[in-house]
Amino acid sequence: MLSTRAVGLGPSLRQATFTTESHPPQKALEILNQQRLKRPSSPHFTIYQPQLTWIGSIFNRVTGGALSALLYGFSLAYLVAPGTFDSASIIGFVSGLPEGLKYAGKALLALPFTFHAFNGVRHLLWDTGKFMTVKGAYSTGYAVLGATAAGTAYLTFFA
């Protein structure tokens, strides 16, 4: 059933006309579900401006997971194939790699290690009640990024 209504919007505004249509409950539910499919899930992180605080938090979780996976993976590989994954075998394998690949591998291992270590110190400082303001969170965040860059460079090229 179609019906048309005119609605007054006030003395200075014109009348608006719209049409409504009656549907059985099942059809109304189908229309509602179709409308819901077009909406983004809420809250959706893409509507927010990236901030150092939540990027650091996500990266801390990713680096922790990656370091754990690497440790447990190497430990299990050592248990399953002890002659293949012992120190002498790994040193022999790495010594045969090109220099550029060695540095890339060292940087790939040093970056998550240094970030997770320095960010862990930052969290320990927060546990003592220090740097709990927005300014403190950002200053320690930038300090962690700087220390990560310096630590990664040191471990990659000098260690």
Side-chain angles (χ1 to χ4, degrees), residues 9 13 16 18 23 25-159:
L9 299 174
L13 301 174
F18 62 93
H23 291 290
Q26 184 62 31
K27 178 68 176 173
L29 184 61
E30 287 176 23
I31 293 171
L32 181 62
N33 287 335
Q34 288 299 318
Q35 290 173 343
R36 286 179 177 161
L37 288 175
K38 295 176 185 174
R39 290 189 295 201
S41 57
S42 177
H44 198 268
F45 71 91
T46 58
I47 67 170
Y48 299 110
Q49 178 183 359
Q51 296 178 349
L52 179 65
T53 51
W54 61 266
I55 292 172
S57 175
I58 292 168
F59 197 57
N60 192 53
R61 293 166 196 242
V62 168
T63 57
L67 291 170
S68 296
L70 183 66
L71 173 70
Y72 289 123
F74 181 79
S75 299
L76 289 174
Y78 181 79
L79 289 174
V80 172
T84 308
F85 288 98
D86 61 350
S87 298
S89 300
I90 291 175
I91 290 171
F93 172 74
V94 171
S95 66
L97 294 175
E99 289 297 314
L101 197 55
K102 287 181 192 178
Y103 285 122
K106 286 173 75 174
L108 191 64
L109 291 173
L111 179 69
F113 177 77
T114 55
F115 179 83
H116 200 74
F118 289 125
N119 207 44
V121 171
R122 178 184 184 206
H123 278 270
L124 289 174
L125 288 171
W126 284 348
D127 289 343
T128 64
K130 295 181 167 87
F131 305 109
M132 296 296 291
T133 63
V134 174
K135 183 179 179 184
Y138 271 86
S139 64
T140 56
Y142 287 121
V144 165
L145 291 178
T148 298
T152 300
Y154 176 77
L155 289 175
T156 301
F157 298 109
F158 302 110

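Hydrogens, waters and symmetry mates are skipped; everything else that's a heavy atom, side chains included, is used.
Side chain of Thr128 to main chain of Leu125: a donor-acceptor pair is present (N/O by atom type, distance under 3.5 Å, no hydrogens or angles). One N or O on the side chain of Ser139 and one on the backbone of Gly136 form a donor-acceptor pair closer than 3.5 Å.
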Residues 61-75, side-chain donor-acceptor partners within the protein, below 3.5 Å, at least two apart:
residue : atom : partner : partner atom : Å
Thr63   : OG1  : Phe59   : O            : 3.0
Thr63   : OG1  : Asn60   : O            : 3.0
Thr63   : OG1  : His116  : ND1          : 3.1
Ser68   : OG   : Gly64   : O            : 2.9
Ser75   : OG   : Leu71   : O            : 2.8

Acceptor/donor pairs from residues 83-92 side chains to any protein atom, 3.5 angstrom cut, sequence neighbours excluded:
residue : atom : partner : partner atom : Å
Asp86   : OD1  : Ser89   : N            : 3.2
Asp86   : OD1  : Ser89   : OG           : 2.5
Ser89   : OG   : Gly83   : O            : 3.1

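Smallest separation of non-hydrogen atoms from Thr152 and Ala107: CG2-O, 4.2 Å. In terms of heavy-atom proximity, Ile55 sits nearest to Pro50 at CD1-CB, 3.8 Å. Residues Thr140 and Arg122 share a closest heavy-atom pair of OG1-NE, 3.0 Å. In plain terms, the two heavy atoms of Gly56 and Asn119 that are nearest each other are O-ND2, 4.1 Å. Contact between Thr148 and Phe118 at its shortest, heavy atoms only, is N-CD1, 3.9 Å.
Between the CG atom of Asp127 and the CE atom of Met132 there is a distance of 8.5 Å, given to the nearest 0.5 Å. Going from atom CG of Leu155 over to atom CZ of Phe157 covers 11.0 Å, rounded to the nearest 0.5 Å. The distance from the CD atom of Gln49 to the CH2 atom of Trp54 is 9.5 Å, given to the nearest 0.5 Å.
Remark: Lys102 engages Glu99 in a salt bridge (charged side-chain N to carboxylate O under 4.0 Å, His left out) (not counting sequence neighbours).
The shortest side-chain heavy-atom distance between Thr53 and Tyr138 falls under the 4.5 Å cut-off.
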